[in-house]
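Since this is a predicted model, take the numbers as computed values, not measurements. Residue numbers begin at 1 in each chain, while the letters A, B, ... track the order of the sequences.
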Amino acid sequence: MDRKESAALKIKAAKIRIAALTAIHSIGSGHVGGSLSICDALAVLFGREMKTDPKNPKWPERDKLVTSKGHAGPAVYGALAVQGYFPYEMLTTLNRPGTHLPSHTDRNLTPGVDMTTGSLGQGTSVACGMALGDRLKGRDCRTFLIVGDGESDEGQVWEAFAFAAAKKLSNLVVLLDWNKKQLDGRVDEILPMGDFAAKLTAFGFDTQLINGNDVEALAAALEHTRGGGDKPYAIIMDNVKGAGVPEVEQTEMNHSIPVSDEQFARWTAQLKAEIAKWEEEA
Amino acid sequence: MKIIYDGSMDPKQAKALLGSLIPQLAAEDPDFIYLDADLMSCIGTLKWGKANPDRAIECGIAEANMIGVACGLAAAGFKPLAHTFGPFASRRVFDQVFLSGAYAKNDITVLGTDPGVTAALNGGTHMPFEDVALYRTIPTAIIFEPTDMVQLEDVLRQSKDLPGIKYIRVGRKDLPKVYEPGSHFTVGKAVTVREGKDCTIVAAGIMLHEALKAADELAKEGIEAEVIDPVTIKPLDKETVIASVKKTGCLVAAENHNKNGGLYDALLEVLAENCPAPAGQVAVEDEFGEVGPQKYLQERFGLTAAHIAEKAKKVMASRIL
Ligand SMILES: Cc1ncc(C[n+]2csc(CCOP(=O)(O)OP(=O)(O)O)c2C)c(N)n1
Ligand SMILES: [Mg+2]
């Protein structure tokens with residue numbers, strides 16, 4: 001990838017972070033850590049890898065995104081707003097009465113959200129069904145599934161992974177957000193999951209382990225998943241919970257936290273400064 | 001039972017009470033054991049739980065496994081209390097509670113926090129309006145929906161030693177002060193919180209406060225409502241309900257739950273079999289939850305004092321006197 005494209009993706013990721021923070025700040029608090037950690041992946045998915053049409057969000061041949069860790073809704077809404085699925089101003093309706101942007105992603109409320117999630121684990125099986133369904137219908141499209149590392153405590157996640165491999169769902173790409181933390185603290189203290197890459201490989205996936213907060217690494221890894229074949233793909237994203245906002249990265253318990261006016265102003269100013277820097281670079 | 005209700009809220013929130021009471025129960029009873037599914041910080045037990053990993057079993061986000069483990073601990077002689085949010089404490093683990101728990105006679109207590117609209121900003125996926133219905137179908141299950149902090153403490157304390165499946169649904173925020181501190185409650189024994197002769201209102205959980213406010217409003221119009229706290233939705237105190245309805249001739253059920261399968265249905269059964277009378281419900285219509293502040297959601301789903309007062313007048317008007 002050339003410098004220009006790399007800079008453009010970094011800019012998109014920063015814009016998604018600003019948008020996600022705009023949504024969360026508007027209601028005062030929310031799932032900041034888990035939203036920020038997937039913004040780079042969302043930037044590369046929407047900016048490069050996924051076949052989508054914001055004007056036609058229900059297009060059957062589109063690539064689909066299932067954010068099984070549905071509490072990262074604000075990041076997904078940020079990406080959708082940046083892509084033009086709905087007006088940017090809508091972001092500040094997060095969690096308000098009658099909103100189209102609930103805390104957890106909902107396919108019946110938000111244009112561009114492909115599956116309803118929030119009960120952790122469930123999105124994994126549904127994504128398998130979507131990928132299998134598209135294949136059986138002969139549609140040339142793929143399903144991208146974002147799963148949390150804490151979420152992977154759920155047995156259902158592993159039932160889905162076994163199924164995906166058994167059915168040779170090479171049109172399914174699992175992006176596992178290995179950000180080392182869940183709600184009560186560190187994954188290694190709560191329920192150590194060991195070596196995700198080795199586990200996914202043993203389950204029959206074509207597995208890559210990358211820095212998931214690096215757009216270039218993401219782009220290369222996603223390019224590899226275009227290969228077809230007879231295995232589902234897994235990308236273990238070695239991520240930082242709260243990535244992109246140093247103060248959140250350094251907050252140990254950063255799952256669901258308040259965002260004050262002052263923090264919002266400071267964090268978004270930092271992100272805007274980064275955007276300006278990359279714009280110069282591009 | 002001394003009622004101290006004056007409309008004021010208890011300054012102590014349920015989260016703070018749970019966070020101190022659970023460690024206390026562990027200190028008092030060596031067989032008491034607490035399990036959680038990555039939600040210790042949500043009920044204030046994280047710090048203690050981390051320091052006492054043999055008394056507080058962190059199961060991770062694996063609720064079905066947690067219930068199975070709790071059942072195994074019960075078989076090994078422990079008195080488990082397993083906590084997660086209401087939808088995961090009911091729908092998500094129903095078969096494990098039913099079979100490994102009730103059917104196999106492994107006695108456990110399940111604490112499901114943030115029932116119904118108290119799930120507020122967590123939204124529809126986290127908003128159980130059906131958990132009572134599910135637990136009602138489990139033989140031996142006891143369903144508690146505490147109406148104040150005194151009751152929550154007493155219920156949590158006694159449930160560890162009760163046989164069968166005990167399900168406690170409660171929010172993590174505030175509740176009004178209703179009962180004198182130290183009050184003791186009995187399974188299957190309702191409490192008449194306010195006496196009246198014109199209409200029976202049975203209200204559980206957060207709806208008791210609404211029912212008492214409604215009774216105040218009705219009193220201004222000369223209507224004397226009798227307000228009953230069922231304490232346990234299952235088993236339901238038939239005698240108290242029948243005696244009240246024989247006096248008032250009508251009934252309103254108020255619940256933070258789908259109108260199907262919960263308190264209202266349980267009460268209708270009692271009326272139909274014992275003392276047919278006009279009845280109505282202030283409950284969630286057959287709908288899913290949605291996101292928003294609790295106050296908004298109570299309006300949205302009609303779970304307010306005004307709706308109770310209106311329904312009371314309606315059922316009174318259809319009495320055959
Ligand atoms: C079945 C289920 N159990 C519990 C929860 C509550 N919950 C929401 S997010 C979360 C932690 C998720 O951790 P992880 O998957 O690592 O997400 P991330 O770190 O990316 O935020 C928990 C326990 C839930 N939403 N669903
Ligand atoms: Mg995580």
Nearest 0.5 Å, what's the [atom1]-[atom2] distance between [X] and [Y]?
| X | Y | atom1 | atom2 | answer |
| --- | --- | --- | --- | --- |
| A:Gln182 | B:Ile61 | CD | CD1 | 4.5 Å |
| A:Ile190 | B:Met40 | CD1 | CE | 8.5 Å |
| A:Asn95 | B:Glu290 | CG | CD | 11.5 Å |

With chain B, which of [options] has the greatest number of heavy-atom pairs at distances under 4.5 Å?
| options | answer |
| --- | --- |
| A:Pro102, A:Gly118, A:Gly70 | A:Gly118 |
| A:Gly73, A:Gly155, A:Ser119, A:Gly150 | A:Ser119 |
| A:Glu151, A:Gln122, A:His71, A:His255 | A:Gln122 |

With a 4.5 angstrom heavy-atom cut-off, which part of [X] approaches chain B: side chain, backbone, both or neither?
| X | value |
| --- | --- |
| A:His31 | side chain |
| A:Ile27 | side chain |
| A:Thr99 | side chain |
| A:Glu189 | side chain |

*Flag yes if more than 12 heavy atoms outside A:Lys180 fall under 6.0 Å of its NZ atom; otherwise flag no.*
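Yes, because the 6.0 Å sphere around NZ of A:Lys180 holds more than 12 heavy atoms from other groups.
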*Any chance OH of A:Tyr88 has more than 12 other-residue heavy atoms, nucleotides or ligands included, within less than 6.0 Å?*
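Enclosed.
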*Side chains of B:Ser41 and A:Asp184: is there a donor and an acceptor less than 3.5 Å apart?*
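Distance-only check passes for B:Ser41 and A:Asp184.
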Is [X] close to chain A through its backbone or its side chain, or both, or neither, when contacts mean heavy atoms under 4.5 Å?
| X | result |
| --- | --- |
| B:Leu39 | both |
| B:Asp38 | both |
| B:Leu121 | both |

Side-chain heavy atoms of [X] within contact of [Y], under 4.5 Å:
| X | Y | result |
| --- | --- | --- |
| A:Pro97 | B:Pro293 | yes |
| B:Glu58 | A:Leu191 | no |
| A:Leu183 | B:Cys42 | yes |

*Test side-chain contact (heavy atoms from CB on, under 4.5 Å) on B:Arg92 and A:Gln156 and set out the steps.*
CA-CA 11 Å; B:Arg92 185 92 185 194; A:Gln156 182 172 3; 3.5 Å; yes
*asked:* Please evaluate residues B:Thr125 and A:Thr117 with respect to the criterion side-chain contact (heavy atoms from CB on, under 4.5 Å), reporting the C-alpha separation (whole Å), side-chain torsions for both, the decisive distance (0.1 Å), and the verdict.
replied: CA-CA 8 Å; B:Thr125 55; A:Thr117 55; over 6 Å; no
_Heavy-atom closest pair, residues B:Ala62 and A:Asp153_ =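 Of all heavy-atom pairs spanning B:Ala62 and A:Asp153, the closest is CB-O, 3.5 Å.
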*Short question: side chain of A:Ser103, backbone of B:Asn122 - any donor-acceptor pair under 3.5 Å?*
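Present.
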